[in-house]
K.L.:
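Here it is: the structure, laid out below.
Just so you know, these numbers use all the heavy atoms, side chains as well, and skip hydrogens, waters and symmetry mates.
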Amino acid sequence: MLGSFAAWNIQNIAIRIIAATLLGGIIGLDRGMKHRGAGTKTITVVCLGATLVMLTEQYIQIHFPGLANMNRMAAQVISGVGFIGVGTIIVSRHRVRGLTTAATLWASACVGLAVGIGFVEGGVCVTAMMLLSLHVLPHVERFAARHSHYCNVFLELEESRDLHAVLQELREAGVVIDSTDMSEARDPGAGISVHMVLYLKKTAGRGEVYDILMKSDKVVSVDFL
């Protein structure tokens, strides 16, 4: 496709570094325009750092034969970037934010590894597919969510024994309880928190479910995801 960049010479080294800068910058620019975490500077630096690791691997293999392990340093990059990604993940009000940012950081490091060893074609193709996925898949998800009969509901109840009465009211309204998960509420002494996955038939919509739950004096709060 783009020619061979695996040969060790100054031209190919320069091409790899420039390609890593461009690909990392494109991915970061896309995130930055959306005001997401890990923008242009962060992702470009991650991609360049991963590229340097693979260049160093190849340098060691050429100049110090027998001392290089082409898998060891790359594996450390992949696991190390995972720790950076964890710092971007935030759990707030039953919602997890930052997973896409963490995944983008990890994937940009992988792009840098590929480019650094000379597999520029793979880095370019993966970058293009990443951008396509980040722009197209949200629309697909929203379309699927609008036509889905499933919904996630988070309840806060005063006591755990109140859950049975709430579930009974939902069943009487024709709502199918797919699963329930109960835990202590965030505030001490505030009761319990319940996560339910509900299957809504055509006769029962989210508005009706909300009305049923809020009419119950056992329910402290309701949150749909």
K.L.:
Apply the test side-chain contact (heavy atoms from CB on, under 4.5 Å) to residues Q61 and E57: give CA-CA distance (whole Å), side-chain angles for both, the deciding distance (0.1 Å), then the verdict.
P.N.:
CA-CA 6 Å; Q61 188 179 50; E57 288 269 20; over 6 Å; no
K.L.:
Is it the case that atom CE in M129 sees more than 12 heavy atoms from other parts of the structure closer than 6.0 Å?
P.N.:
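For M129, atom CE is not crowded (no more than 12 foreign heavy atoms under 6.0 Å).
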K.L.:
Which pair of heavy atoms, one from L200 and one from C151, lies closest together, and at what distance?
P.N.:
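Here L200 and C151 meet closest at CD1-SG, 3.9 Å.
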K.L.:
Report the C-alpha distance between V153 and H195 in whole Å, list the side-chain angles of each, state the deciding distance to 0.1 Å, and finish with yes or no for side-chain contact (heavy atoms from CB on, under 4.5 Å).
P.N.:
CA-CA 6 Å; V153 182; H195 170 218; over 6 Å; no
K.L.:
More than 12 foreign heavy atoms under 6.0 Å from NE2 of H164: is that the case here?
P.N.:
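Counting neighbours around NE2 of H164, 12 or fewer heavy atoms of other residues, nucleotides or ligands fall under 6.0 Å, so no.
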K.L.:
For the CE atom of M196 and the CG atom of D178, what is their distance to the nearest 0.5 Å?
P.N.:
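One gets 11.5 Å once the value is rounded to the nearest 0.5 Å.
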K.L.:
Within the 4.5 Å heavy-atom criterion, are Y150 and V197 side-chain neighbours or not?
P.N.:
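The answer is yes; the side chains approach within 4.5 Å.
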K.L.:
How many angstroms lie between atom OG1 of T104 and atom CD1 of I27, to the nearest 0.5 angstrom?
P.N.:
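Reported value, rounded in 0.5 Å steps: 7.5 Å.
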K.L.:
Would you give the length of the straight line joining atom OG1 of T40 to atom CG of L29, rounded to the nearest 0.5 angstrom?
P.N.:
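Nearest 0.5 Å value for the OG1-CG distance: 4.5 Å.
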K.L.:
Could you state the interatomic distance from OG1 (T100) to CZ (R31), rounded to the nearest 0.5 Å?
P.N.:
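Rounded to the nearest 0.5 Å, the OG1-CZ separation comes to 6.0 Å.
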K.L.:
Indicate yes or no for a side-chain donor-acceptor contact from T127 to the backbone of L23 under 3.5 Å, with no hydrogens or angles considered.
P.N.:
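Not confirmed, T127 side chain does not pair with L23 backbone.
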K.L.:
Give me the atom names and distance for the closest heavy-atom approach of G24 to I43.
P.N.:
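Heavy atoms only, the tightest pair is O-CG2, 3.5 Å.
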K.L.:
Distance check, rounded to the nearest 0.5 Å: M73 atom CE versus L52 atom CG?
P.N.:
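The distance works out to 7.5 Å.
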K.L.:
First locate atom CG of L163, then atom CG of L155, and finally report the distance between them rounded to the nearest 0.5 Å.
P.N.:
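L163 CG to L155 CG: 8.0 Å, rounded to 0.5 Å.
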K.L.:
Using distance alone, with no hydrogens and no angle criterion, decide if R16 and Q11 have a side-chain donor and acceptor under 3.5 Å apart.
P.N.:
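No, because no side-chain N or O of R16 sits under 3.5 Å from a partner of the opposite role on Q11.
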K.L.:
Which word best sums up how the rings of H63 and W8 line up, parallel for under 30°, tilted for 30 to 60°, or perpendicular for over 60°?
P.N.:
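Geometry flag for W8 against H63: perpendicular rings.
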K.L.:
Any idea which heavy atoms bring A114 and G123 closest together, and the distance?
P.N.:
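Closest approach of A114 to G123: CB-N, 4.4 Å.
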